[in-house]
Amino acid sequence: MNLGKEILQYRSYFIDPEELLDDLLGELKFRNYSVTRVNNIDNVFQRDNTPAGSLNFKYYKIIEFCNLESCSHIISEALLSGVFMPARFLVYEEEKREGANLAFLKPTAFAEMFESKNLMKLAEIMEKDMVEISEELIG
């Protein structure tokens, strides 16, 4: 798997990462996705044993989401596809670079592993949504 090809990344110097996260959550809900979890990886900065400047990010959230109906169909096509569920977006800001970043693994990248035409069709629908959301939020 070529990570540079399979992980799409978007960057904006004009939007705050917290604002991007809020907009992303709203857009996912608008498109009938359920946000199952927001992992606040940057909470590590609240720990006493994390020295300032020791990490190369200052904001980092992993957003897990799914559409239960499409998720069920994907898993029915290939039971092991559940290891990629739910889908994820990253919203982050690097330590020494201003601006918000949005990234995700293309659903078609993991669908290729299962060699299923039906699974690929479902992955293409989800990927289209993810690209549209990303381009709408960051462009």
Please test F89 against L102 for side-chain contact (heavy atoms from CB on, under 4.5 Å), starting from the C-alpha separation and ending with a verdict.
CA-CA 7 Å; F89 271 109; L102 180 68; 3.6 Å; yes
Using side-chain contact (heavy atoms from CB on, under 4.5 Å), reason through R88 and L105 one step at a time and then give a plain yes or no.
CA-CA 7 Å; R88 292 171 184 85; L105 173 65; over 6 Å; no
Before giving the answer on side-chain contact (heavy atoms from CB on, under 4.5 Å), spell out for I63 and L28 the whole-Å C-alpha distance, their side-chain angles and the decisive distance to 0.1 Å.
CA-CA 10 Å; I63 299 84; L28 287 168; 4.0 Å; yes
Please lay out, stage by stage, how E98 and K58 fare under the test side-chain contact (heavy atoms from CB on, under 4.5 Å).
CA-CA 10 Å; E98 294 297 318; K58 54 184 169 182; 2.9 Å; yes
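Applying the salt bridge (charged side-chain N to carboxylate O under 4.0 Å, His left out) rule to E127 yields no partners; only residues at least two apart in sequence or on another chain are considered. Remark: S116 pairs with E77 by the side-chain hydrogen bond (donor to acceptor under 3.5 Å, both in side chains) rule, at least two apart or across chains. For S76, there are no side-chain contact (heavy atoms from CB on, under 4.5 Å) partners, not counting sequence neighbours. Residues satisfying the side-chain contact (heavy atoms from CB on, under 4.5 Å) test with N40, not counting sequence neighbours, are V38, D42, N43, K61. Residues satisfying the salt bridge (charged side-chain N to carboxylate O under 4.0 Å, His left out) criterion with E19, sequence neighbours excluded, are absent altogether.
Within the 3.5 Å criterion, the main-chain N or O of F14 finds a donor-acceptor partner in the side chain of S12. Side chain of N101 to backbone of V91: no donor-acceptor contact under 3.5 angstrom is found. Remark: the backbone N or O of N32 is paired with a side-chain donor or acceptor of N67 at under 3.5 angstrom. With hydrogens and angles disregarded, a donor-acceptor distance shorter than 3.5 Å links the side chain of D16 to the backbone of E18.
Scanning both residues, R11 and G99, for their nearest heavy atoms gives NH1-O, 4.3 Å. Scanning all heavy atoms of the two residues, the minimum distance from R97 to Y13 falls at NH2-OH, 3.5 Å. Heavy atoms only, all atoms of each residue included: L137 and L24 are closest at CD1-CA, 3.6 Å. Here the closest non-hydrogen pair linking F114 and A78 is CD2-CB, 3.6 Å. Shown here for A123 and A111, the closest heavy-atom pair between the two residues is CB-CB, 3.6 Å.
Residues L20 and L25 fall within the same hydrophobic cluster, defined by Ile, Leu, Val, Met, Phe, Trp and Tyr side chains chained together at heavy-atom separations under 4.5 Å. L68 and I75 end up in different hydrophobic clusters when Ile, Leu, Val, Met, Phe, Trp and Tyr side chains are linked at under 4.5 Å. In this structure, L119 is a member of the same hydrophobic cluster as L80, with clusters built from ILVMFWY side-chain heavy atoms closer than 4.5 Å. Under a hydrophobic clustering in which Ile, Leu, Val, Met, Phe, Trp and Tyr are joined whenever their side-chain heavy atoms come within less than 4.5 Å, directly or via other members, I125 and M113 fall into different clusters. Residues V83 and L122 share a single hydrophobic cluster, defined by chaining ILVMFWY side chains whose heavy atoms lie under 4.5 Å apart.
The pair E124-K106 fails the salt-bridge criterion, with no side-chain N (NZ, NE, NH1 or NH2) lying under 4.0 Å from an Asp/Glu carboxylate O.
When side chains are defined from C-beta on, D23 counts as touching I15, because their heavy atoms get closer than 4.5 Å. Side-chain contact between M130 and P107: present, with at least one pair of heavy atoms (C-beta onward) separated by less than 4.5 Å.
Between Y10 and F104, the ring-plane angle classifies as parallel under the 30° and 60° cut-offs. Ring orientation note: the planes of F110 and F84 are close to parallel, at an angle under 30° on the 30°/60° scale.
Within the structure, every pair that satisfies the side chain to side chain donor-acceptor pair (under 3.5 Å) test and touches residues 129-139, not counting sequence neighbours, is listed here: R31-D129, R31-E132, Y33-D129, K128-E132.
For the atom pair OG (S70) and CE (M126), the distance works out to 5.0 Å, reported to the nearest 0.5 Å.
Paired with E93 under the rule side-chain contact (heavy atoms from CB on, under 4.5 Å), one option of Y59, Y60, F57 passes, and it is Y59.
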